[in-house]
Amino acid sequence: MTIDENRPPTSAHEIERYGGLFAKRTRGMTSSAMRDMMAVTARPEVISLATGLPDTTTFPAEDFAALMARVAVDSSAAALQYGPTDGLEDVKRCVVQVMAAEGTSVETDDLLITTGGQQVIDLVCRAFLDPGDVVVAEAPTYPGAVPCFTSFQADVVQVEMDDDGMRIDVLEETLARLRAEGRTPKFIYTIPNFQNPGGMTMSLERRHALVRIAAEQELVVLEDNPYGLLRYEGEPLPTLYSLDGGRYVIYLGTFSKILSAGLRLGWAAAPGPILERLNLGKQAADLCSSPLNQYFVAAYFAHRDWRKYLTTLRALYRRRRDVMLASLEEFLPPEADWTRPEGGLFIWARLPDYIDTTDLLARALREHVAFVPGRAAYLDGRGGSEMRLNFSGVTEDEIREGVRRIGKVVGEQVALYGTLTGVKPAERRKDAPVVPLRRKEAS
Ligand SMILES: Cc1ncc(COP(=O)(O)O)c(C=O)c1O
């Protein structure tokens, strides 16, 4: 269901016209919650804490112009031409640098340049999934992966998380239960760093455990890592890909959050036989990712300091995260709780059970503020009282004002509940445990 108010609703007659022709797999297809909300959140009066937009205003326009001019002068014909499906060698060498900054060594032959990291999820689904196949994902999971899983008719089993990421004890129980049912997951999907949407980071111990389980049970892991280099505090942790040594882990990386999302360039690093399948899928999907944009990336890495820009982004997002945490503390009632991410772009908040964040969004939009309702991150109806808040794409003033407005509508719901039930609003208890998302004290 889309919230785009400008588009007239599809009539029953129109649906009927094509109904019998659509593939069965399209019946379960769902629209991405964030994509739906883009039309609403693009309105200037709306403060959007919903979309996960990086702040592209920080990229110097004169650098963009100079680098594009350089591409035009040096590589015009090749940049305007089709390119190899697996991507330009120069761009792969940039990826090698980025992955080295994550402490991960990779050869250019292990890489496939893709149209955003999103395409890696799609290509992995294409390569591995038949209808009904099991995918294990985190609970909550990346809302943008949900339409991908549903369009390939996956049976997604979600495993609870806590402050240390995916709970490996629950994963082991889940795998044992599936095995008893004669079902083997095709892959385990995880976002180990500053998870989207939860903000949690998988501990080192759990990383080792996950890689060990994958090897013992011969299971593929899709490691989705757009945010690893956006760490604002704490020590970096090794990627699953590096711990695994190139056997069972497919790594997803992207230039979206360290350079530009508009380039639509990402990559997969994977064992050879898997890479070949992904490549075949990509040939069918789009032949190659934009050579023009790839030449831009190569020029950027050759003539600018990509690490310096990353440092700028880190400082900016860190401040915004801190403003959001302080605003939540100030404006949300004591019944609410939220995560304290050490990096990334998102905070995950949990409200009392009696508040439905999908309903709350309608009220919030009347106050001109938006967030992603928690249900978008689950495939089984959970998450009704949860919400994802983004702090990267909005100014500090907007964050404060946006959270104040959310606090207002949440406060109204809490008061209404109190009136109806006679239950007094809770005193703020900073040490109150919240399971499974425990609040982490700031370090
Ligand atoms: C966890 C995760 N994976 C994948 C993506 C896709 O990113 P892109 O296609 O821009 O590389 C995103 C984007 O927000 C994300 O948060």
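Note that these values count all heavy atoms, side chains included, but never hydrogens, waters or copies made by symmetry. Residue numbers count from 1 along this sequence. Given the structure is predicted, the values throughout are model-derived calculations rather than measurements. Each ligand, and each atom within it, is numbered from 1 in the order the structure gives.
The number of heavy atoms from other shown groups lying within 6.0 Å of CZ (Arg363) does not exceed 12. Atom CG of Asp353 is surrounded by 12 or fewer heavy atoms from other residues, nucleotides or ligands within 6.0 Å.
Considering only non-hydrogen protein atoms, atom 16 (O) of ligand 1 sits nearest to Tyr227 OH, 2.5 Å. Nearest to atom 14 (O) of ligand 1 among the protein's heavy atoms is Lys257 NZ, 2.7 Å. Ranking protein heavy atoms by distance to atom 5 (C) of ligand 1, first place goes to Tyr142 OH, 3.3 Å. For atom 2 (C) of ligand 1, the closest non-hydrogen atom on the protein side is Asp224 OD2, 3.3 Å.
Between Glu89 and Thr108, the side chains place a donor N or O and an acceptor N or O closer than 3.5 Å (distance only, hydrogens not considered). Tyr142 and Gln118 form a side-chain donor-acceptor contact under 3.5 Å, judged by distance and modelled atom types alone. Side-chain contact, Arg264 with Thr115: no donor N or O sits under 3.5 Å from an acceptor N or O. Using modelled atom types, one finds no donor on one side chain facing an acceptor on the other under 3.5 Å when comparing Gln158 with Glu138.
Ligand-side atoms of ligand 1 in range of Thr254: 8 (P), 11 (O), range being under 4.0 angstrom from any heavy atom. Near Ser256, meaning under 4.0 Å from any of its heavy atoms, are these atoms of ligand 1: 8 (P), 10 (O), 11 (O). Applying the 4.0 Å criterion to heavy atoms of Arg264 picks out, from ligand 1, the atoms 8 (P), 9 (O), 10 (O). Every atom of ligand 1 is numbered from 1 in the order shown, and the set under 4.0 Å from a heavy atom of Gly116 is 9 (O), 11 (O). Per-residue contacts place Gly117 under 4.0 angstrom from the following atoms of ligand 1 (heavy atoms of the residue considered): 8 (P), 9 (O), 11 (O). Every atom of ligand 1 with a heavy atom of Pro226 under 4.0 Å away is listed here by number and element: 1 (C), 2 (C), 3 (N), 15 (C).
For the pair Ile47/Arg405, a side-chain contact is recorded, criterion being any heavy-atom separation below 4.5 Å from C-beta on.
For ligand 1, the polar-atom distance check finds no N/O of Tyr189 at less than 3.5 Å from any of the ligand's N/O atoms.
Shortest non-hydrogen contact noted between Trp306 and Ala101 is CH2-CB, 3.8 Å.
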